[in-house]
Amino acid sequence: MNDNQASDYFINAASIIGNVFGLFKISRNKILKMISNVYIEIIRGTPLMVQIFVVYFGIGSAIPGFSWKSIGGAFTAGAVTLTINAGAYMAEIVRGGIESVDKGADGSRLKLGDVLWSIYDTHNITTGNSNNVAIYH
């Protein structure tokens with residue numbers, strides 16, 4: 001696997017993390033919302049260089065017998081750190097995109113006969129993500 005393939009895997013992983021935690025953040029479930037808030041605030045609140053040091057040196061010394069050199073070295077540690085970091089920023093992008101959908105759009109769809117779950121299942125998520133397309137590319 002070359003560096004371009006590895007970066008493709010890591011950016012896809014960051015997108016998955018961002019979508020999951022972005023949906024957690026707007027969830028009505030307090031536990032999911034709390035988990036998302038802790039993750040996003042910690043990752044976005046610490047400098048990237050500190051995160052890189054924690055992942056490379058902290059995980060390497062905290063887990064007995066683990067070495068980054070055995071799974072790709074410093075490149076893999078940096079890529080994992082950037083994946084975690086980008087996932088937190090993408091989570092805020094997803095949350096903001098979904099919350100940017102006008103509430104009036106929901107009301108008009110309800111009057112036309114859509115059920116509430118259908119509105120949140122299709123309209124908000126697709127419209128919210130289309131608001132984010134320019135940011136993702």
Side-chain angles (χ1 to χ4, degrees):
M1 173 170 34
N2 62 24
D3 293 348
N4 288 335
Q5 290 173 328
S7 64
D8 287 343
Y9 291 129
F10 287 119
I11 199 69
N12 286 330
S15 296
I16 292 169
I17 291 169
N19 281 309
V20 168
F21 280 97
L23 293 174
F24 280 4
K25 188 147 178 142
I26 61 171
S27 171
R28 290 188 184 128
N29 186 329
K30 290 183 180 185
I31 295 171
L32 294 178
K33 190 179 280 193
M34 183 189 67
I35 291 169
S36 176
N37 284 334
V38 167
Y39 166 70
I40 292 170
E41 293 301 319
I42 288 175
I43 298 301
R44 291 188 69 199
T46 56
L48 182 58
M49 187 60 82
V50 172
Q51 294 172 19
I52 292 171
F53 284 143
V54 167
V55 168
Y56 188 72
F57 295 111
I59 292 176
S61 63
I63 301 172
F66 178 80
S67 172
W68 284 106
K69 293 177 184 175
S70 65
I71 57 169
F75 173 79
T76 305
V80 167
T81 306
L82 289 174
T83 299
I84 294 168
N85 186 280
Y89 281 92
M90 286 183 188
E92 282 296 306
I93 292 168
V94 169
R95 180 208 52 85
I98 292 173
E99 288 183 351
S100 71
V101 176
D102 186 26
K103 298 298 179 202
D106 294 345
S108 64
R109 289 192 62 184
L110 276 174
K111 287 182 181 180
L112 292 173
D114 273 349
V115 294
L116 190 61
W117 176 250
S118 173
I119 290 172
Y120 286 105
D121 187 35
T122 58
H123 178 69
N124 280 3
I125 293 178
T126 55
T127 306
N129 284 338
S130 68
N131 290 342
N132 295 335
V133 169
I135 297 171
Y136 277 132
H137 292 290

Problem - Interatomic spacing from CD1 in Ile52 to CZ in Phe57 - rounded to 0.5 Å - result: 10.5 Å
Exercise for the section: For residues Met90 and Ile11, determine if any side-chain heavy atom of one lies less than 4.5 Å from a side-chain heavy atom of the other. Expected result: yes
Practice task
Work out which heavy atom in Ile43 is nearest to a heavy atom in Ala88; give both atom names and the distance.
Solution key: CG2-CB, 3.5 Å
Handout entry: Main-chain N/O of Lys33 paired to Ser36 side chain as donor or acceptor, under 3.5 Å
Key = no
Handout entry: Which atom of Ala77 lies closest to which atom of Val55, heavy atoms considered
Key = O-CG1, 3.9 Å
Practice task
Would you indicate whether Ile31, at its atom CD1, is surrounded by more than 12 heavy atoms from other residues, nucleotides or ligands within a distance under 6.0 Å?
Solution key: no
Practice task
Using the rule that two of Ile, Leu, Val, Met, Phe, Trp, Tyr join whenever any of their side-chain heavy atoms come within less than 4.5 Å, decide whether Leu32 and Ile17 are in one cluster.
Solution key: yes
Exercise for the section: Please tell me if the side chains of Val94 and Ile26 come closer than 4.5 Å, counting only heavy atoms from C-beta onward. Expected result: no
Problem - Tyr39 and Ile84, any side-chain heavy atoms less than 4.5 Å apart - result: yes
Problem - Interatomic spacing from CD1 in Ile59 to CZ in Phe53 - rounded to 0.5 Å - result: 14.5 Å
Handout entry: Over all atoms of both residues, closest heavy-atom pair of Tyr56 and Ala74
Key = CE1-CA, 3.9 Å
Exercise for the section: Following the transitive rule for hydrophobic clusters with a side-chain heavy-atom cut-off under 4.5 Å over Ile, Leu, Val, Met, Phe, Trp and Tyr, establish whether Val54 and Ile63 coincide in one cluster. Expected result: no
Problem - Distance (rounded to the nearest 0.5 Å) between Phe10 CZ and Leu82 CG - result: 9.5 Å
Problem - Sequence neighbours excluded, every pair satisfying ring-ring contact (aromatic ring centres under 6.0 Å, His included) that has a member inside residues 71-99 - result: none
Exercise for the section: Examine distances only and state if a side-chain atom of Thr46 and a backbone atom of Ile42 form a donor-acceptor pair shorter than 3.5 Å. Expected result: yes
Handout entry: Pairs satisfying side chain to side chain donor-acceptor pair (under 3.5 Å), at least one member in residues 67-88, at least two apart
Key = Gln51-Asn85
Practice task
Decide whether Ile98 and Phe24 are clustered together by the hydrophobic rule: side chain heavy atoms of Ile, Leu, Val, Met, Phe, Trp, Tyr closer than 4.5 Å, transitively.
Solution key: no
